[in-house]
Structure formats: structure tokens, C-alpha cells
Amino acid sequence: MRARVWAATAAVCMLAGGAFGKDVEIGAVFPMSGTNAIYGDVFKSGADLAAEHINADHMLKEPLKILYEDSQALPQPAVVAMTKLVEVKQVPYVLSAFTGVSKAISTLAQRSQTVAVNGGGVGPDLAKLGDYFWNVIPLANLEVRAMVPYLAKHGMKKVALVYVDDPLGQSILDELNANLPKVDGKLVAELSVPTSTQNFSGIAAKVRASGADAVYIASYGAQQIQIAKQLRDNGVKAQLASYSGFSTPDALKLPQAEGLLYTTQAVNYKAGDKVTQRFLADYQKAHDGKKPSAYIVNYYNAVLLFGILAQKLEEAGKPITGANLLAERKATKSFDLVGGTVSFQDNGTLLAPIQVNKIVDGAGQPQETVDIN
Amino acid sequence: MEAYLLNLGVLVSIYAILAVTLNFIMGYAGIFSLAHAVFFGVGAYVGAQMAMHVSASLFVTIPAAMVVAALLSLALALPALRVRGEYFVAASLGLQMLAITVFSEWKGATGGIGGLVGIPAVRMFGEDIYRPAAFFPLAAAVAVLVLIVTRLLVHSSFGRSLTAIRDSESAAESFGKNIALIKTISVVVSAALAAVAGVLYANYLSFINVESFTLNTSVLVMAMVIIGGTGTALGPVVGAALLLILPGLLSYLWFLPQTEIGAIQQIIYGLGMAVLMIFRPGGLVGRSAGARKRRKRDALKAAAGQSEARKMEGAK
């Protein structure tokens with residue numbers, strides 16, 4: 001009997017663990033398991049570094065703590081995780097990633113007045129998820145507007161598109177159709193692929209036949225790597241191009257992706273501002289001199305943004321709630337984040353310059369920065 | 001905390017409906033389907049479209065979803081049920097693959113891969129029902145209703161025909177049972193009731209996309225049935241509760257790093273399934289291996305006794 005009482009007490013203590021303490025808590029719904037867990041690790045490294053800096057600077061009265069929940073990059077586990085963060089932990093701010101997950105949690109965010117911040121998904125439909133859903137990442141439609149003039153300037157006016165037929169792929173198709181004529185360019189092939197397809201030899205043949213100067217790849221995860229690999233293996237010599245989804249470590253290291261052009265949010269690491277230099281120095285110190293990817297910057301910025309807003313609320317004597325964070329963001333015109341000073345559009349999406357990068361020796365090298373209006 | 005538990009309660013209720021309806025064909029008719037998520041998805045998409053464009057009342061969305069799922073299952077069951085056992089599993093797998101492609105590509109109806117966002121909450125008696133505290137009683141009531149309907153069917157003459165087919169198709173046929181008709185009706189009933197779960201799911205999450213209706217979901221529902229107890233009344237409900245609450249419970253164990261919980265969960269599932277199949281092949285609610293052996297031994301003894309008696313009678 002006594003053993004049972006002890007066991008029950010231990011169980012209650014276990015469940016109650018972490019419920020005590022005065023930390024300022026925010027949440028993160030990231031893929032921590034499954035095939036997309038690699039992204040969760042990448043996002044987490046950026047968010048953790050920002051929390052470390054906020055705490056080191058004592059920006060907030062109490063230490064900031066990020067509560068991570070596993071979304072498996074799927075809508076239903078994400079809703080369960082979000083409910084826990086909102087209802088049990090009562091966090092005012094949640095980091096989100098992946099389009100399906102972001103859409104799934106957006107309703108809960110709206111209803112509970114909790115700010116959800118995306119720093120990974122770039123589907124343009126993410127700009128329409130309500131006041132409480134923010135994007136600290138320029139969405140894919142803006143990225144195409146930077147890539148097209150760059151390609152044209154380098155004599156690549158005939159473009160073929162290989163895309164997943166989803167809102168992301170569709171928006172890239174629309175943007176290419178709208179922007180190529182402006183530079184006397186032409187979309188010579190539009191080839192849609194189902195998400196599950198892994199064999200692209202047929203697509204490669206069509207790309208070769210189209211005579212394209214450049215091939216734009218609009219996919220994600222393992223599939224985009226397969227597309228780049230198989231296009232090259234099947235004799236496609238045209239310039240490869242893509243969007244920020246290609247800036248994952250495994251995609252950059254792919255030998256066949258050498259020379260591929262991709263766009264990201266412009267991060268001017270050479271900028272002399274304190275925020276960028278500190279981020280870069282500390283990240284490289286912790287990761288053997290490795291350069292951070294755009295995703296790491298975005299989640300660092302997402303947490304830093306919370307720190308800035310929460311600090312202002314504390315100074316004004318207001319509680320840190322989702323509604324107050326939203327009001328404070330709307331009242332603040334610009335923010336000093338990694339990469340420079342940025343501002344938000346009315347729909348809660350970051351407006352930032354876009355950078356065209358080239359993969360050289362398995363790493364992205366910035367080529368040109370384009371201001372998007 | 002209360003809302004979190006109620007939220008889990010809603011999901012358990014929805015998946016219990018799926019598990020109970022799969023158990024209806026799997027446990028009683030012996031039809032192993034790997035396409036149950038298809039009818040879940042059909043229900044969700046039809047329910048969502050009706051809620052977005054016609055009415056968010058369950059009295060409109062549920063009947064519409066049930067009719068569409070039933071018709072679809074009818075069209076598919078008629079040719080597919082001509083094959084038996086493992087061949088039907090393969091056929092249902094094909095259907096699952098086909099449905100995923102349709103869900104992903106038919107943008108007008110399903111929103112494509114992007115899915116449908118902003119599905120209105122259930123509207124009943126002039127109120128929007130979306131908070132876990134309000135939705136849980138509704139979902140639980142529907143789950144209980146589905147459970148009652150399936151129990152009534154199982155205990156009817158139709159249910160006895162189903163079990164006869166499960167135990168021996170040839171024997172049932174020799175007794176004049178119309179195998180194809182009975183199997184088709186059971187699949188239609190199961191699909192229509194699974195669609196109810198889809199409607200609730202779409203209304204509750206207010207967002208659906210193809211990721212919720214993949215083969216993984218079909219396998220998960222089948223695991224719920226097997227773990228809980230195939231051919232039992234409450235087994236599927238227990239299986240659904242266990243498989244949905246376990247991940248949530250694990251996430252509360254603060255000494256487990258969040259990054260490892262997914263892997264630990266998979267290990268627990270795998271080990272649990274293996275141990276269960278060894279010691280309780282009938283599932284948690286089903287008979288234990290020992291009870292099965294005893295029952296078999298008793299039956300053999302009884303048979304041996306009868307044959308002994310017949311021999312003695314013959315000797316006389």
C-alpha cells in the first residue's frame with residue numbers, strides 16, 4: 001500500500017514538473033520526430049540562441065524559456081501541441097513551422113488571441129491567416145520577384161518550372177508568369193509533380209526538350225533534392241534555381257546542386273549592426289565556424305521580436321498577452337533584427353530585401369540583394 | 001489543463017468512431033481494410049464544403065457526408081469484395097493510394113495539398129460549438145450513438161450473418177447467405193459512419209488537408225482496433241484512447257527531452273504491439289491467450305467426450 005502511495009506521489013510530481021517557476025514562457029510547435037525532424041533541430045538552434053541573448057541582456061524581468069512541442073510536421077499533432085501550449089502553459093506567443101501545421105494552429109491562435117509566428121513556411125497563403133498569425137519570413141512570391149531579374153540579367157530568359165501543385169508551387173507559377181514578360185523572358189515549360197513522386201527522369205527529358213536556360217525547382221524536403229539530383233544525372237545542364245526551401249544543410253551539400261541559385265531573406269552579415277554581428281559570432285562559435293542558414297536567422301528573429309515587444313510591454317506596465325503583443329507590433333514601425341532593420345506589412349508578414357545565393361562548395365554564397373516593394 | 005484534456009477527449013471520441021466502424025467490418029465480417037482513412041477524409045471534405053457553402057448545422061453536414069461516403073464505398077465495394085482475405089487488403093491499399101492522389105489534386109473540392117482553411121464551427125441551436133468544453137460532449141455523444149448503432153447491428157440477424165461469413169465464407173454460402181450483398185452492406189454502413197467522424201474532425205480543427213487522411217491514419221486506426229481488441233464492443237474505444245493519450249502523457253514527463261519523445265513513442269508502440277500479440281492476441285479487451293487456450297482445451301475435451309460417448313453407443 002505504502003509503495004502505491006509513493007508511486008502515486010511520484011507520478012503527480014512528475015506530471016507537475018516544470019509547472020513551477022517564474023520564467024516568461026513562449027512555445028514552439030516544431031517537428032521533433034519523423035522525417036522532418038531535421039528541420040526542427042535547425043529551427044531550434046536559432047530560437048535557443050535568441051533566448052540565450054535575451055536572458056544574457058536581462059531584456060525581460062524574468063528569464064525567457066521556450067517550451068518545445070513536437071508537431072511531427074502534421075496538422076493533428078500540431079493542434080494537440082498548440083492546445084497544450086495555449087490552454088495548459090498559457091503562453092502568449094508560439095513559434096510555428098510548416099504550412100500545414102501553421103494553418104492548423106492558426107484558428108486556435110486567433111480564437112485564443114495567441115500570437116503564432118511562422119519562420120519556415122513560405123506559401124503565400126500564410127499571409128491570410130488572421131491578425132494573430134505573423135510571418136517573420138518574406139513569402140515565396142516575393143522571392144520570385146528577386147530571382148527573375150537576376151536570371152534575366154545573366155542572360156537566362158527562358159525558364160522551365162518544376163513544381164509541386166500546391167499553394168506554394170501555384171504562387172511561384174503565377175509570379176513567374178507575371179514577372180518573366182517584364183524582363184522579356186518566357187516560361188517555356190511548367191511541369192507539375194505530385195508530392196509523393198521520386199522519379200524525375202521523364203521530367204528531365206521534358207526540361208531538356210524545352211531548351212530552357214534555367215530550371216526553377218519549387219518543391220521541398222527530400223523531393224527537391226531528388227529533383228535537382230535527377231535533373232543533373234539525366235543530362236540537364238541548364239542553370240538550376242530555387243527558393244529559400246532549398247537552404248537546408250542536406251540540400252546544400254548535394255554534389256549535383258553545386259552552382260544552384262536560390263533566394264532567401266537578405267541577411268547582410270557584413271552589416272556593422274550589433275545584433276547581426278553578435279548573432280553571427282555566437283552562432284559560429286557554437287557551430288565550428290559554420291554559417292547559419294536563413295531558417296536559423298528567421299527563428300532567431302522571431303524570438304528576438306518577442307523579446308523586444310515583451311520588453312516594451314513590461315516597461316509600460318502592461319501584461320505580456322497575445323493581444324498586447326499584437327498592439328505593440330502594430331504600433332512599432334520597424335525592428336532591428338539580424339540582417340538589418342525590417343518592418344511588417346499590414347497582414348503581419350515581414351517585408352525584407354531578398355538575396356540571391358549560389359551554392360559554392362556546399363554552402364550558399366550571396367550574389368546580389370534585391371529590394372522588394 | 002481541463003481544456004487540454006477535453007481536447008484530447010474530442011480526438012479520442014473522433015478516433016473511437018473510426019475504430020468502432022473499422023471493427024464493425026474487421027472484427028465481425030473479417031474484412032481487413034487499409035482504406036478506412038479514405039472515408040474519414042471523404043466525410044471531412046464533404047462536411048467542410050457543406051459547412052462553408054450551405055450550412056454548418058450537423059443536421060445538414062452529417063447526412064450529406066454519410067450519403068457521399070456510402071455511395072463511394074458502394075461503388076468500390078462491389079468490385080473489390082469479389083476478392084477474399086489478403087487480396088482485399090491489397091485492393092483497399094490501392095484505393096487508399098488513389099484517394100490520396102484525388103485529395104491532393106482535386107483542388108476545387110479539397111483545396112489540393114494546401115487543404116481547406118477557415119471551416120466554420122458546428123452550429124447548433126444558434127450557437128457556434130468549437131471550444132473543447134462544448135465540443136467534447138457533442139463528439140462523445142456521437143461516438144456513443146455510433147457504438148450503439150453498431151452494437152444493434154452486430155446483435156441482429158445481419159450481425160450473425162457477418163460473423164458466419166468471417167468464420168467461414170464457404171459454409172455461410174452453403175447455408176444460402178448472399179455473401180456479396182452482406183459484405184457490401186457492411187462496408188457501406190462502416191464507411192457512412194466513418195464519414196461522421198470526418199465531419200466532426202473538419203468542424204473541430206477548422207482546417208483539413210490530405211496529411212490527415214493518409215495510409216498512416218488507416219494503419220493507426222487498425223492498430224487501435226487490434227490493440228483494443230478485434231471483435232469486441234469496447235476494445236476499439238480503449239485502443240483509440242490509449243494511442244491518442246500516450247503521446248500527450250509522454251510529453252508531460254519532463255525528464256524526457258522533447259526531441260526524443262517521438263522516437264520513444266515509436267519504441268513503446270512497437271514493443272507494446274509485439275508483447276500484446278504474444279500474451280494477449282485478442283487485444284486488451286479481448287480474451288487473453290490463456291483464456292483462449294483453456295476455451296480451446298474445453299472445446300476439445302467436449303468433442304472428445306462426445307466421440308467417446310458415440311463409440312460406447314456403437315459398442316452397445
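Here the structure is a predicted model, which is why all the values come from computation and not from measurement.
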Within a strict 4.5 Å, meaning less than it, do heavy atoms of the B/Tyr4 and A/Val80 side chains meet? yes
Side chain, backbone, both or neither: which part of B/Ile100 has a heavy atom under 4.5 Å from chain A? neither
With rounding to the nearest 0.5 angstrom, report the OG to NZ distance, B/Ser206 to A/Lys103. 11.5 Å
Side chain from CB out, backbone as N, CA, C, O: work out which of these in A/Ala73 comes under 4.5 Å of a heavy atom of chain B, or both, or neither. backbone
Go through the atoms of A/Gln170 and report whether side chain, backbone, both or neither lie under 4.5 Å from a heavy atom of chain B. side chain
Between A/Ala37 and chain B, with a heavy-atom cut-off of 4.5 Å, which part of the residue counts as in contact: side chain, backbone, both or neither? neither
Side chain / backbone / both / neither for A/Thr83 at chain B, heavy atoms under 4.5 Å: both
Does A/Pro194 reach the side chain of B/Thr101, with side-chain heavy atoms less than 4.5 Å apart? no
Has A/Lys128 got more than 12 heavy atoms of other residues, nucleotides or ligands less than 6.0 Å from its NZ? no
Rounding to 0.5 Å, atoms CG (A/Leu74) and CG (B/Asn209) come to a distance of 8.5 Å
Just wondering, are more than 12 heavy atoms of other shown residues or ligands nearer than 6.0 Å to CD in A/Gln198? yes
Within the structure provided, determine whether B/Phe207 and A/Pro75 are in side-chain contact (heavy-atom separation under 4.5 Å). yes
Partner of A/Gln76 under side-chain contact (heavy atoms from CB on, under 4.5 Å), picked from B/Ile14, B/Leu244, B/Thr217, is B/Leu244
Are any non-hydrogen side-chain atoms of B/Val117 and A/Asp125 less than 4.5 angstrom apart? no
A/Val86 portion near chain B, given a 4.5 angstrom heavy-atom threshold: neither
State, with a plain yes or no, whether a side-chain heavy atom of B/Arg131 is found less than 4.5 Å away from one of A/Arg111. no
A/Leu168, part contacting chain B, at a heavy-atom distance under 4.5 Å: neither
